[in-house]
Amino acid sequence: MTAGDAGIVVVGASLAGQRACAALRRHGYRGRLTVVGAEPHLPYDRPPLSKELLAATADESAAALPSAGLGIDWVLGRRARRLDVPGRTVELDGGDVLPFTGLVVATGSAPNPWPGTHPPEVGVFRTLDDARALRHRLGGGDRLLVIGAGFLGGELAAAARGRGTSVELVEAQPQPLRSALGPVAGEFVAALHRAAGVSLRTRTRVGSFTGGHRLTGAILSDGTRVAADLAVVALGASPRTGWLAGAGLRINRGLVCDQHARALGTDGAPVPGIVVAGDVARWPHPWAGPDGAVLGHWTHAVEQAEVAARNLLDPAHPATYRPVPSFWSDLYGVRLRAVGFPAFADTVEVHENDPDGGRLDIAYRRDGELVGALTGNRPGRLAAYRAQLAEALGRVPA
């Protein structure tokens with residue numbers, strides 16, 4: 001690829017998109033590099049939005065990602081609308097068409113919205129603008145309703161409580177994070193929320209909102225009425241693949257790729273010149289089962305973007321993406337850190353469970369083999385688990 005060709009197009013001004021650009025330049029690509037982003041902002045980090053930014057312990061610079069010096073043509077505030085694989089073009093909203101010789105799909109995921117009508121004070125949390133709006137209202141006397149006690153919902157509740165906001169946290173499962181980490185970890189997290197003064201309501205859902213044109217609260221499925229001035233829907237996210245409809249790519253709750261981060265066609269073969277990175281990707285892993293995995297974790301976006309960029313430039317010698325996944329969450333001074341795939345375990349071993357001291361140590365196994373681990377404020381133990389998982393993964397044939 002040369003500076004005179006159509007160049008590489010990266011769809012998604014995300015962490016994965018930014019890291020892919022940096023890797024492309026680092027590995028010697030000097031041609032045209034265009035990034036399409038649906039938001040008007042340059043790429044930024046999402047984890048600080050629900051942590052330092054909402055907690056008011058840092059300003060927006062904490063979320064900025066370095067993009068200067070990469071020689072990027074930015075197309076911001078525009079969405080990709082259609083991909084023409086044979087024609088090697090991406091069509092944008094408004095009708096503009098971008099040709100490409102190589103394409104990185106890094107469109108991430110979109111938060112699942114509330115499924116019905118709702119007052120204007122009910123929203124989602126994903127973008128910098130979402131964080132700005134919520135930060136402005138925290139600590140000002142408003143009562144916050146968080147719908148969903150997963151990773152994002154838990155961090156929103158923790159940040160709001162840290163600002164003195166009254167919080168109602170509603171979760172359909174018996175404990176927070178149960179489906180991802182199991183009941184022991186879920187009860188540990190529940191204890192943290194309740195000790196911080198969060199009104200955690202489990203085994204129930206929001207049935208409807210009250211207040212008409214101005215939110216005053218909600219009625220839960222168990223009949224309970226809760227008061228709220230604003231609400232955030234934190235019910236997970238879905239990969240942004242709508243713009244790929246009809247492109248001949250394999251879509252299965254994400255854009256399916258192979259172990260080299262190459263997009264697969266509907267025939268199951270890699271599509272030349274198209275790679276995938278980040279939340280939008282469904283990718284194979286020995287521990288993830290036959291459907292593969294979709295992960296919305298920071299480290300996944302960083303690591304897969306590196307492999308995708310390398311393989312786009314050197315398709316004859318593709319590198320393999322087979323990491324030990326890792327992620328973290330901060331709640332009330334407790335850093336929860338996990339490695340592997342805890343959700344795919346069939347048994348757990350609890351080595352430490354001390355919510356009052358903020359310490360947790362759980363090993364997750366499947367068929368007797370370690371597949372994941374979770375710790376709270378035990379970084380040394382997590383490092384040991386990571387080493388065990390890396391060794392075990394190295395024994396699995398590629």
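Counting from 1, the numbers follow the sequence of the chain as shown.
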Quick one: [atom1] on [X] to [atom2] on [Y], what's the gap to the nearest 0.5 Å?
X	Y	atom1	atom2	value
Asp330	Leu336	CG	CG	8.0 Å
Glu39	Ser14	CD	OG	10.0 Å
Asp84	Thr89	CG	OG1	4.0 Å
Leu156	Leu169	CG	CG	9.5 Å
Asp229	Ser166	CG	OG	9.0 Å
Thr241	Leu249	OG1	CG	10.0 Å

Under a 3.5 Å distance rule, please check whether [X] uses its side chain to pair with a backbone N or O of [Y] as donor and acceptor.
X	Y	value
Arg337	Leu382	no
Asn311	Ala319	yes
Glu121	Leu215	yes
Thr101	Gly7	yes
His285	Pro323	yes
Arg240	Gly108	no
Asp367	Glu369	no
Arg282	Asp291	yes

Does any part of the side chain of [Y], heavy atoms only, come nearer than 4.5 Å to the side chain of [X], both counted from C-beta?
X	Y	result
Tyr364	Asp346	no
Trp243	Leu92	no
Arg378	Arg359	yes
Pro174	Thr202	no
Arg262	Ile274	no
Arg335	Pro379	no
Arg366	Thr347	no
Leu42	Leu65	no

With His300 as reference, evaluate His297, Gln304, Glu303 under the side-chain hydrogen bond (donor to acceptor under 3.5 Å, both in side chains) test and give the passing residue. Gln304

Heavy-atom neighbours of [X] [atom1] exceed 12 at 6.0 Å:
X	atom1	value
Arg203	CZ	no
Arg250	CZ	yes
Arg126	CZ	yes

Criterion side-chain contact (heavy atoms from CB on, under 4.5 Å) on Gln175 and Gln173, from CA distance to verdict: CA-CA 5 Å; Gln175 300 95 13; Gln173 295 295 312; over 6 Å; no

So, Ser238 and Ser109: side-chain donor and acceptor under 3.5 Å apart, yes or no? no

Please walk me through it: do Val275 and Val105 pass side-chain contact (heavy atoms from CB on, under 4.5 Å)? CA-CA 6 Å; Val275 295; Val105 179; over 6 Å; no

Does the plane of the ring in Phe341 sit parallel, tilted or perpendicular to the ring in Phe344? Use 30° and 60° as the thresholds. tilted

Name the orientation class of the two ring planes belonging to His41 and Tyr44 (parallel below 30°, tilted from 30 to 60°, perpendicular beyond 60°). perpendicular

Test log, rule side-chain hydrogen bond (donor to acceptor under 3.5 Å, both in side chains), inputs Ser329 and Glu155: CA-CA 7 Å; Ser329 183; Glu155 290 184 353; 2.8 Å; yes

Let me check something: do [X] and [Y] share a hydrophobic cluster, defined by ILVMFWY side-chain heavy atoms less than 4.5 Å apart, either directly or through other members?
X	Y	answer
Ile251	Val85	yes
Val167	Leu331	yes
Val104	Leu98	no
Val348	Leu177	yes
Leu235	Leu144	no

Kindly determine whether Val184 and Val350 satisfy side-chain contact (heavy atoms from CB on, under 4.5 Å), including the steps that lead there. CA-CA 8 Å; Val184 176; Val350 182; 3.8 Å; yes

Test: [X] and [Y] ion pair at under 4.0 Å:
X	Y	result
Glu306	Arg19	no
Asp361	Arg381	yes
Arg81	Asp93	no
Glu187	Arg178	no
Glu168	Arg143	no
Glu391	Arg395	yes

Distance-minimising heavy-atom pair for Val339 and Pro342: O-CD, 3.8 Å

Smallest heavy-atom separation, Ala308 atom then Val276 atom, equals CB-O, 3.7 Å

Apply salt bridge (Lys or Arg N to Asp or Glu O under 4.0 Å) to Asp222 and Arg205, showing your working. CA-CA 8 Å; Asp222 61 7; Arg205 304 172 185 269; over 6 Å; no

Between Asp45 and Trp298, is a side-chain hydrogen bond (donor to acceptor under 3.5 Å, both in side chains) present by the stated rule, with each step listed? CA-CA 9 Å; Asp45 232 349; Trp298 189 92; 2.8 Å; yes

side-chain hydrogen bond (donor to acceptor under 3.5 Å, both in side chains) for Thr216 and Thr210? Distances and angles first, verdict last. CA-CA 6 Å; Thr216 59; Thr210 61; 2.9 Å; yes

What verdict does the salt bridge (Lys or Arg N to Asp or Glu O under 4.0 Å) test give for Glu171 and Arg201, after you've listed the backbone C-alpha separation in whole Å, the side-chain angles of each residue and the deciding distance to 0.1 Å? CA-CA 6 Å; Glu171 169 57 47; Arg201 302 179 186 273; over 6 Å; no

Phe151 and ring pair (Phe, Tyr, Trp, His ring centres under 6.0 Å): which partner among Trp328, Phe125, Phe327? Phe327

Checking side chain to side chain contact (heavy atoms under 4.5 Å, CB included) between Leu54 and each of Leu134, Leu49, Thr165, which is the one that passes? Leu134

Test side-chain hydrogen bond (donor to acceptor under 3.5 Å, both in side chains) on Ser61 and Asp59 and set out the steps. CA-CA 5 Å; Ser61 63; Asp59 59 24; 2.3 Å; yes

